[in-house]
Amino acid sequence: MLKKLVFIFFLTFNVSYFVYGIWGKTGHRVVAEIAKKNLTEKTLKKINSILDGESLPTVSTWADEIKSDPESRKYNTWHYVNIPLDEDYADIEKNKNGDVITAINECIEVLKNKNSPLSSKAFYLKFLIHLVGDIHQPLHVGRFEDRGGNDIKVKFFGKQTNLHRLWDTDMINDHMMSYSEFAENLDKIKFINTTLIPADWLKESQIEVNKIYNGVKNEDYIGYEYIYKNFPTVEKQLYKAGIRLADILNDIFL
Ligand code: ADE
Ligand code: ZN
Ligand code: ZN
């Protein structure tokens, strides 16, 4: 009996640890891995020297990891932007601490500047690799009132979570695939239109987030049907983010 309880405890603990494993780590690594496969030799060389040999997937989650450091709290608003569903980014009052658009543009500017010190280049490159992923997660351009879906409770196969985390982590982890397996599979997606303008990426995420908000109510049960209908959007967004990250890096390090 005791053995059984201990077994159940560990099973529960591990499953919840996995589900809540703080796009989540896998999403960011998928984006970085797809980008890595699409870099030119020259870009890859320059990135390797800036990152001192660390790989793109490895550094892709760093910007989330530093959130726990009080010194880095000032960057927390860089990961998202809150926009009313029917408004344009250009028309909203901007967050004075920065948002995902201003942050991406700052990263590009610093990386393009030949006079930027190596330490700044490393900082902004790691942020850029992360934020191109974030801006493609539709809930990162969601409403202010519910903090991008963080305040909308849903049950994922009966387990309490929220709409934001569902799209960051839960649906991805449910597939039980590694980031490299995801990246390999997504290679088969035929994706044509690409653009180097972050405001265009944001507009596409806004269209997706509108559909997401319309497709769910507080306390909804999320199961196989929801995943079946919505996972193609996750895959499309991850793939676009990866290709666009490669495009922007190839452009910066031309
Ligand atoms: N992450 C933390 N706060 C957020 C917000 N208000 N919108 C989107 N993502 C967030
Ligand atoms: Zn983030
Ligand atoms: Zn998130």
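Heavy-atom basis, side chains included; hydrogens, waters and symmetry copies ignored. Just so we're clear, the structure is a prediction, and the values are computed from it rather than from any experiment. Throughout, numbering of the chain's residues begins at 1 and tracks the sequence. Indexing begins at 1, ligand by ligand and atom by atom, following the structure's order.
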Quiz item: Can you check side chain to side chain donor-acceptor pair (under 3.5 Å) on Asp220 and Tyr226, steps first, answer last?
Solution: CA-CA 10 Å; Asp220 262 2; Tyr226 189 92; over 6 Å; no
Does the pair [X]/[Y] count as a salt bridge with the N-to-O cut at 4.0 Å?
| X | Y | result |
| --- | --- | --- |
| Glu204 | Lys236 | no |
| Lys46 | Glu41 | no |
| Lys94 | Asp99 | no |

For [X], I'd like to know if atom [atom1] has over 12 heavy atoms of other residues, nucleotides or ligands within 6.0 Å.
| X | atom1 | value |
| --- | --- | --- |
| Glu87 | CD | yes |
| Phe144 | CZ | no |
| Asp52 | CG | no |

Quiz item: Has Asp134 got an N, O or S atom lying less than 2.8 Å from the Zn ion (ligand 3)?
Solution: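 Short answer: no, not a single N, O or S atom is under the cut-off.
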Quiz item: Between the Zn ion (ligand 3) and His140, is there an N, O or S atom separated by less than 2.8 Å?
Solution: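 So His140 does bind the Zn ion (ligand 3) by this criterion.
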Quiz prompt | Metal-centred angle, NE2 of His164 through the Zn ion (ligand 3) to OD2 of Asp168, rounded to 10 degrees | solution =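 Computed angle, vertex at the Zn ion (ligand 3), rounded to 10 degrees: 90°.
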Quiz prompt | ligand 1 atoms in contact with Leu139 (distance to a heavy atom under 4.0 Å) | solution =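 Numbered from 1, ligand 1 contributes 8 (C).
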Self-check item: Close-contact set for ligand 1 against Asn82 heavy atoms, below 4.0 Å
Solution: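 What qualifies from ligand 1 is 5 (C), 6 (N), 7 (N), 8 (C).
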Of all the N, O or S atoms in [X], which has the shortest distance to the Zn ion (ligand 2)?
| X | answer |
| --- | --- |
| His130 | NE2 |
| Asp64 | OD1 |
| His79 | ND1 |

Practice problem: For ligand 1, find out whether one of its N or O atoms is nearer than 3.5 Å to an N or O atom of Arg143. | Solution: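 Not met; the criterion fails.
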Quiz item: Rounded to the nearest 0.5 Å, what separation is found between the CG atom of Leu202 and the CD1 atom of Ile83?
Solution: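 Between atom CG of Leu202 and atom CD1 of Ile83 there are 4.5 Å.
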Exercise. Look at atom 2 (C) of ligand 1 and say which protein heavy atom is nearest, naming residue and atom and giving the distance to 0.1 Å.
Key: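 So the nearest neighbour among protein heavy atoms is Tyr80 CE2, 3.7 Å.
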Quiz item: Does His164 come within less than 4.0 angstrom of ligand 1, counting non-hydrogen atoms of the residue?
Solution: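 Yes, that is the case, since the closest heavy atom of the residue is under 4.0 Å from the ligand.
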